[in-house]
Each structure stands twice: as structure tokens, then as C-alpha cells.
Amino acid sequence: MSHSETHKPAGPRRARSAQTAGPQAQQHLLRAADELFYHEGVRMVGVDAVVERAGVNKMSLYRQFSSKDELVMAYLERKDEQFFGYVERSFAKHPGEPAKQLQQYFDDLAVRASIEGYRGCPFVNVSVEFPDAAHPARQFVFRNKERLLARLTELATGAGADDPVALANALGLLIEGVYAASQTYGPGCGPILAAPKVAAQLIAAACGGAAATG
């Protein structure tokens with residue numbers, strides 16, 4: 001479902017929303033928030049827009065989430081689950097081969113970051129919108145990135161890297177570069193397409209020439 005889809009008339013939505021059960025309303029709201037927050041920005045999107053997209057009434061939103069901030073945190077939880085789903089699906093393509101698992105992630109990331117309408121990393125986007133590093137949303141972003149870095153370090157260790165932390169840091173930097181390039185150069189740009197090759201070079205150099213080949 002695109003953020004630019006045509007909305008149905010407000011009347012039928014309101015009539016239907018009155019009969020929407022709590023768990024169902026929550027799923028509708030989370031799906032709507034996911035679409036709108038990711039494509040348009042958390043600060044730019046008000047609760048009225050989320051309610052309209054979800055097809056429920058505002059009372060239903062506040063029954064499920066006490067505030068917009070709580071909805072934002074639920075959105076981040078949803079994106080975190082989706083993100084690590086992507087990560088682990090990439091790694092699962094080469095069980096027991098950590099160097100190839102690292103490489104596969106970059107191969108898959110380059111494909112994902114080349115899709116029309118790709119809006120980069122939702123966690124990077126949120127961090128830009130919330131300048132206060134102590135804000136719960138920023139703290140969530142820190143935890144997401146720490147978890148990814150720990151996973152990269154784990155695989156770098158398994159791949160026999162001479163300095164697993166250094167390799168993980170370099171790959172983490174490259175990942176962030178892909179996210180930024182997708183929004184500045186555009187999805188499918190040259191820098192994104194170069195990322196898998198750069199990753200292979202980093203992995204090979206760190207692992208004594210035992211390069212991962214996708």
C-alpha cells in the first residue's frame with residue numbers, strides 16, 4: 001500500500017471504524033503509522049492522518065496508544081522487527097559460512113536500496129527528526145545500531161577476521177553510507193551498487209584473503 005493511495009470517503013471509514021475491535025484497530029493503526037511515518041516523517045505526520053489512513057476513529061487510537069510518542073515507539077518496535085528479519089534472512093542463505101553471510105547482507109541491501117520509493121533507514125530518519133539524544137526514540141535508535149554492530153562483530157569473529165571489531169565498524173560505516181546515498185544520489189545509484197564490492201574487499205583484507213563471494 002502506497003502513501004499516495006486514494007483514500008475512501010471519510011463517512012464509510014467512520015461507520016466501519018465504530019465496529020473495529022481493539023486488536024484489529026491496533027494493527028490497522030500500526031500499519032498506517034508504518035507507511036506514513038516511514039515515507040513522510042514522524043514529525044510531519046499527525047495523529048489525524050494516521051487515523052484516517054487506518055480507517056478508525058481517534059478514540060480508537062487513544063484506546064491503543066496513550067500518546068503520539070507511544071505510537072512512535074510502537075512504530076520503531078515494528079521497524080526493528082522488520083529490519084532484523086531482513087538481516088537474518090540474508091545470513092540464513094549461507095549457514096555456517098560467516099564471511100559469506102556478511103557478504104550476502106550487502107548484496108541484498110544493495111537490491112533493497114535500489115527499489116523505487118526506498119526511503120533509507122527508518123532509524124536514521126528518526127534520529128534526524130529528534131535532536132535530543134536523550135529522547136526515547138533516539139535511545140531506541142542507539143540500541144538498534146548497537147545490536148546490528150554486535151551481530152556483525154559476531155560474524156566477523158566467526159569468519160576469522162584479525163580484528164573483528166574493526167571489520168564490524170568498517171562494515172557498519174558502509175551500511176550507513178548506503179542508507180545516505182539512497183537519499184542523496186538516489187535509489188540504485190552508483191555508490192549503492194559499489195557497496196557489495198567494497199564489502200568484499202574489506203572482508204577479504206580482514207580475513208587473510210578468505211573473501212566471501214556471493
Side-chain angles (χ1 to χ4, degrees), residues 1-10 12-14 16-17 20 24-58 60-62 64-65 67-90 105-106 108-132 135-145 147-148 175-193 195:
M1 190 186 309
S2 167
H3 69 288
S4 61
E5 73 169 347
T6 302
H7 297 305
K8 293 181 180 180
R13 280 181 178 268
R14 283 196 296 268
R16 188 172 63 253
S17 70
T20 303
Q24 187 180 8
Q26 184 179 73
Q27 288 307 306
H28 289 332
L29 287 162
L30 282 172
R31 188 162 51 245
D34 191 324
E35 296 163 1
L36 291 169
F37 289 165
Y38 181 64
H39 289 286
E40 299 180 20
V42 171
R43 287 281 175 88
M44 289 293 295
V45 174
V47 294
D48 288 342
V50 175
V51 163
E52 181 184 358
R53 173 64 64 89
V56 302
N57 57 39
K58 191 177 288 189
S60 293
L61 185 148
Y62 288 115
Q64 302 301 320
F65 306 100
S67 64
K68 182 182 175 182
D69 279 347
E70 188 173 313
L71 178 61
V72 170
M73 297 306 293
Y75 158 73
L76 289 173
E77 291 279 2
R78 180 183 172 98
K79 295 311 264 185
D80 186 74
E81 182 178 350
Q82 291 173 353
F83 172 72
F84 282 103
Y86 295 142
V87 170
E88 295 302 332
R89 279 194 293 275
S90 290
Y105 179 70
F106 282 90
D108 292 342
L109 176 60
V111 171
R112 195 163 70 251
S114 298
I115 296 171
E116 182 85 22
Y118 181 70
R119 282 287 290 135
C121 174
F123 306 103
V124 172
N125 297 348
V126 164
S127 71
V128 171
E129 292 194 84
F130 291 89
D132 180 4
H135 191 282
R138 285 290 300 279
Q139 291 297 310
F140 192 102
V141 171
F142 292 144
R143 292 193 297 273
N144 170 273
K145 298 299 181 179
R147 182 180 168 193
L148 175 61
I175 290 168
E176 297 301 308
V178 170
Y179 295 147
S182 73
Q183 302 308 297
T184 52
Y185 291 94
C189 63
I192 288 175
L193 300 181

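Both backbone and side-chain heavy atoms feed into the values below; hydrogens, waters and symmetry mates do not.
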Exercise. Could you give the distance from CD (Q27) to CD (Q64), rounded to the nearest 0.5 Å?
Worked result: 9.5 Å
Problem set entry | For S182 against G120, the heavy-atom pair lying closest together | OG-CA, 3.7 Å
Exercise. So, for R53 and A32, which heavy atoms are closest and what is the spacing to 0.1 Å?
Worked result: CG-CB, 3.4 Å
For this session: Could I get the full list of side-chain contact (heavy atoms from CB on, under 4.5 Å) partners for N144, not counting sequence neighbours?
Result: D80, F83, F84, F123
Exercise. Restricting to pairs with a member in residues 176-190, which pass salt bridge (charged side-chain N to carboxylate O under 4.0 Å, His left out), not counting sequence neighbours?
Worked result: K145-E176
Exercise. How long is the span from the CG atom in L30 to the CZ atom in R78, to the nearest 0.5 Å?
Worked result: 6.0 Å
Seminar exercise, completed: When rounded to the nearest 0.5 Å, the distance separating NE2 of H28 from OG of S60 is 10.0 Å
Exercise. Under the side chain to side chain donor-acceptor pair (under 3.5 Å) test, which residues partner Q139, sequence neighbours left out?
Worked result: none
Problem set entry | ring-ring contact (aromatic ring centres under 6.0 Å, His included) against Y75, all qualifying residues, sequence neighbours excluded | F37
Seminar exercise, completed: Residues K68 and V42: closest non-hydrogen pair is NZ-O, 2.7 Å
Problem set entry | A74 backbone acceptor or donor facing K79 side chain under 3.5 Å | no
Exercise. Do L109 and R112 come close enough that some side-chain heavy atom pair is under 4.5 Å?
Worked result: yes
Exercise. Just by modelled atom types, is the P131 backbone N or O under 3.5 Å from a matching donor or acceptor in the R138 side chain?
Worked result: yes
Problem set entry | Beyond-backbone contact of F106 with I175, side-chain heavy atoms, under 4.5 angstrom | yes
Problem set entry | H39 and V45, any side-chain heavy atoms less than 4.5 Å apart | no
For this session: Identify, with sequence neighbours excluded, every residue that meets ring-ring contact (aromatic ring centres under 6.0 Å, His included) alongside F130.
Result: H135
Problem set entry | Residues which pass side-chain contact (heavy atoms from CB on, under 4.5 Å) with E77, listed by chain and number, not counting sequence neighbours | F140
Problem set entry | Separation between OG of S90 and OH of Y105, rounded to the nearest 0.5 Å | 7.0 Å
Problem set entry | Counterpart residues, side chain to side chain donor-acceptor pair (under 3.5 Å), relative to E70 (two or more places apart) | S66
Exercise. Out of curiosity, L29 CG to Q24 CD, how far, rounded to the nearest 0.5 Å?
Worked result: 10.5 Å
Problem set entry | Over all atoms of both residues, closest heavy-atom pair of V178 and A113 | CG1-CB, 3.8 Å
For this session: Please name all residues satisfying side chain to side chain donor-acceptor pair (under 3.5 Å) with E129, sequence neighbours left out, ordered by chain then number.
Result: none
Exercise. How far does OH of Y86 sit from CD of Q82, to the nearest 0.5 angstrom?
Worked result: 5.5 Å
Report, one line per pair, each donor and acceptor closer than 3.5 Å where one atom sits in a side chain of residues 183-193; sequence neighbours left out.
unit_1: Q183; atom_1: OE1; unit_2: R119; atom_2: NH1; d: 2.6
unit_1: Q183; atom_1: NE2; unit_2: Y118; atom_2: O; d: 3.0
unit_1: T184; atom_1: OG1; unit_2: A180; atom_2: O; d: 3.0

Problem set entry | Contacts of Y62 that satisfy side-chain contact (heavy atoms from CB on, under 4.5 Å) - sequence neighbours left out | V47, K58
Problem set entry | side chain to side chain donor-acceptor pair (under 3.5 Å) partners for S127, two or more places apart | none
For this session: Compare every heavy atom of A137 with every heavy atom of V126, then report the nearest pair and how far apart it is.
Result: CG1-CB, 3.9 Å
